[in-house]
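Fair warning: this is a prediction, and the values are worked out from it, not measured in the lab. The chains referred to below are lettered A, B, ... by the order of the sequence lines, with proteins before strands, and numbering in each begins at 1. Only heavy atoms go into these numbers, but all of them, side chains included; no hydrogens, no water, no symmetry mates.
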Number of protein chains: 2
Amino acid sequence: MNRKSTKEHILDNAEKLFARNGYHSTSMRMLTRKAGVNLGAVNYHFGSKKDLIRSVIERRLIVLNKKREELLDQVLARANQSNSRPCPREVLKSFIAPTLEFRDRFPQAAEFPKLISRALTEPDDMVRNMFIEIMTPLFHKLFESLCLALPVLSRTQVYWRLHFCLGSMSHVMNVAERIRIIPEGVEMPASQSQLVEPLLNFITAGMERNP
Amino acid sequence: MNRKSTKEHILDNAEKLFARNGYHSTSMRMLTRKAGVNLGAVNYHFGSKKDLIRSVIERRLIVLNKKREELLDQVLARANQSNSRPCPREVLKSFIAPTLEFRDRFPQAAEFPKLISRALTEPDDMVRNMFIEIMTPLFHKLFESLCLALPVLSRTQVYWRLHFCLGSMSHVMNVAERIRIIPEGVEMPASQSQLVEPLLNFITAGMERNP
DNA sequence: GTCTATAGATTGATAGAC
DNA sequence: GTCTATCAATCTATAGAC
């Protein structure tokens, strides 16, 4: 019955609660009640609440970033082989597709995207800084790839447009399902994966626009 | 010396703390310490913590939305007079310009934009629902104006592109100054107002893109 | 209107039995 | 590894003096 280790069981439930309610609003007792484990066990396995959320985030984010970087490297390699610039849409897609398809690919971790889409605005300094620290190398690589893909734009322009892209993506990940009031005639997607192409259409047009 | 009423003094400090740390991470004691008032006084004036943040948000957001709607009405009226469709960029600008210019216009409320940019992901249901309730009428009006401005797009397409726009804006309001690592050659704007035109360039291109 | 004092519940973390 | 029991701190909210 209990196939997963207690440690993983705690991580799974903590992931859901932190994603839904945020770090500060999730108490250790809420977690132990939901996970059906003992308060002492959490502290035995993770030491502290901060170390727990660190483990929760790293467990998924490092894997996700590996996938993103792998796809980005493929785009860069293809451009290199044909002696051309990387395609802006493909560069953006390497980051966005694995993110919005995450829930379909890992249904057991369906709440995780909410967690990272809120990580940058997390009130707790340690949580926020840990997230930034993990993301920084890939952010730089993504930024430089876009500069290469869009030589007409200044580095400052690319920088802000990249942030606009990340903001759109982040908003979709967290907000899409929280909004209850839908105007007449608007159809909701069955999953976030279906928003990859609409989002790429939108941000690629914004990225490629002449200054 | 103490020109402002105690009530306003509490609101000003609560606004800063809720914006910086979020609702749950801000305790009433943190607030009374910072504001230099008594714990009893807060409860006398506002009744509860929930009623306090409600007052904090309503005080600014209702005024801001009035300004946004006023500008939107002007855009719609101009289109009506010339028997043409409203301009997508102008419609978007009516919402975005007052938002990103808010800090320059009301320096004493400079932290408020952070608060509303996080309101949709607020863990507390009451806070989130109150925000949605206030925003709903204007959101619908904005949505219908964009449908009118972009007859080529389906209502579903307009809906999601509008969310992409709001995500970009929200990200800029909250994240811009939290990020510490800036790539070489990137210049930071002196204020958020300077991002209005770059953001409008970006999202207008995305909005107007052929399906 | 503003204060002190405190109730009553909940928090993160630990000590020690098993 | 897992449990109970408990500490010390913090939380929101209120009662009542001034």
Side-chain angles (χ1 to χ4, degrees), chain A residues 1-59 115 119 122-130, chain B residues 1-59 115 118 122-130:
Chain A
M1 202 62 174
N2 213 348
R3 294 163 60 201
K4 277 182 293 195
S5 68
T6 300
K7 199 169 171 177
E8 267 185 289
H9 195 231
I10 293 170
L11 283 173
D12 288 343
N13 287 95
E15 179 176 274
K16 283 187 194 123
L17 287 174
F18 284 142
R20 282 206 269 261
N21 307 326
Y23 176 71
H24 207 131
S25 300
T26 302
S27 72
M28 301 287 269
R29 287 179 164 78
M30 227 184 281
L31 167 61
T32 54
R33 218 180 307 133
K34 183 176 166 68
V37 300
N38 190 274
L39 186 58
V42 181
N43 244 279
Y44 169 78
H45 283 293
F46 298 96
S48 73
K49 192 183 176 187
K50 277 200 197 320
D51 286 326
L52 171 60
I53 197 174
R54 158 169 258 129
S55 296
V56 167
I57 293 179
E58 283 181 344
R59 176 173 69 143
L115 183 52
E122 174 59 53
D124 188 281
D125 284 345
M126 177 264 156
V127 177
R128 199 172 61 245
N129 289 337
M130 173 199 49
Chain B
M1 204 59 176
N2 214 347
R3 293 162 61 201
K4 278 183 291 195
S5 68
T6 300
K7 200 170 171 178
E8 269 186 289
H9 195 230
I10 293 170
L11 283 172
D12 287 344
N13 287 97
E15 179 176 276
K16 282 188 194 126
L17 287 174
F18 284 141
R20 284 205 267 259
N21 307 328
Y23 176 69
H24 207 131
S25 300
T26 302
S27 72
M28 301 288 266
R29 287 181 162 74
M30 227 184 278
L31 168 61
T32 53
R33 218 179 306 132
K34 183 179 166 64
V37 301
N38 190 273
L39 187 58
V42 181
N43 245 278
Y44 169 79
H45 283 291
F46 297 96
S48 73
K49 192 184 176 185
K50 276 198 195 326
D51 286 327
L52 172 60
I53 197 175
R54 159 168 257 129
S55 296
V56 167
I57 292 179
E58 284 181 343
R59 176 171 72 143
L115 184 51
R118 239 198 338 223
E122 174 59 51
D124 188 280
D125 284 344
M126 177 265 155
V127 177
R128 199 172 61 244
N129 290 337
M130 173 196 53

> Any Lys/Arg nitrogen of B/E58 or B/R54 sitting under 4.0 Å from an Asp/Glu carboxylate oxygen of the other?
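Yes.
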
> With respect to the phosphate group of C/dG1, does any side-chain polar atom (N or O) of B/T6 fall under 4.0 Å of OP1 or OP2?
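Indeed not, no polar side-chain atom of B/T6 lies that close.
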
> Does C/dT2 have its OP1 or OP2 closer than 4.0 Å to a side-chain nitrogen or oxygen of B/N38?
no

> Answer yes or no: is there a side-chain heavy-atom contact under 4.5 Å between A/D124 and A/H24?
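Side chain of A/D124 against side chain of A/H24, heavy atoms only: no contact under 4.5 Å found.
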
> Expressed in angstrom and rounded to an integer, what is the separation of A/K49 atom NZ from D/dA9 atom C1'?
14 Å

> Kindly say if B/S27 contacts the phosphate of D/dT10, meaning a side-chain N or O under 4.0 Å from OP1 or OP2.
no

> So does B/H45 get a side-chain nitrogen or oxygen closer than 4.0 Å to the phosphate oxygens (OP1/OP2) of C/dT2?
yes

> Roughly, in whole Å, what's the span from CG in A/D51 to P in C/dT14?
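Result: 11 Å.
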
> Atom CZ of B/F46 and atom P of D/dA13: how far apart are they, to the nearest Å?
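The distance from CZ of B/F46 to P of D/dA13 comes to 13 Å, rounded to the nearest Å.
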
> I'd like to check B/L31 versus B/F18 (side-chain heavy atoms, cut-off strictly below 4.5 Å). Are they in contact?
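Answer no - side chains too far apart.
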
> Please report the distance, rounded to the nearest Å, between CG in B/L39 and P in D/dC11.
11 Å

> C/dT11 P sits how many Å from A/H24 NE2, rounded?
10 Å

> Nearest whole angstrom, please: distance from the P of D/dC11 to the CG of B/L31.
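So the CG-P distance, B/L31 to D/dC11, works out to 12 Å.
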
> Kindly point out which of C/dT14, C/dG1, D/dA13 is positioned nearest to the side chain of A/N43?
C/dT14

> Looking at the side chain of B/S48, which of C/dC3, D/dA13, C/dT11 is the nearest nucleotide?
D/dA13

> Do the numbers put A/K49 on top of the ring of A/Y23, so that NZ or CZ is under 6.0 Å from the six-membered ring centre and no more than 45° off the axis?
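Verdict for A/Y23: a cation-pi partner in A/K49.
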
> Can you measure A/I53 atom CD1 to C/dG12 atom P for me and round it to whole angstrom units?
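Result: 12 Å.
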
> Is any side-chain N of the basic residue among A/D12 and A/K34 closer than 4.0 Å to the acidic one's carboxylate O?
no

> Which part of the nucleic acid, if any, lies within reach of B/T26 when heavy atoms closer than 4.0 Å are counted: base, sugar-phosphate only, or nothing?
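Result for B/T26 = sugar-phosphate.
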
> When you measure from the side chain of B/Y44, which nucleotide among D/dT2, C/dG1, D/dA13 comes out closest?
C/dG1

> Take the protein atom CD of B/E8 and the nucleotide atom C1' of C/dG1, then report the distance between them rounded to whole Å.
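Nearest whole value for this atom pair: 16 Å.
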
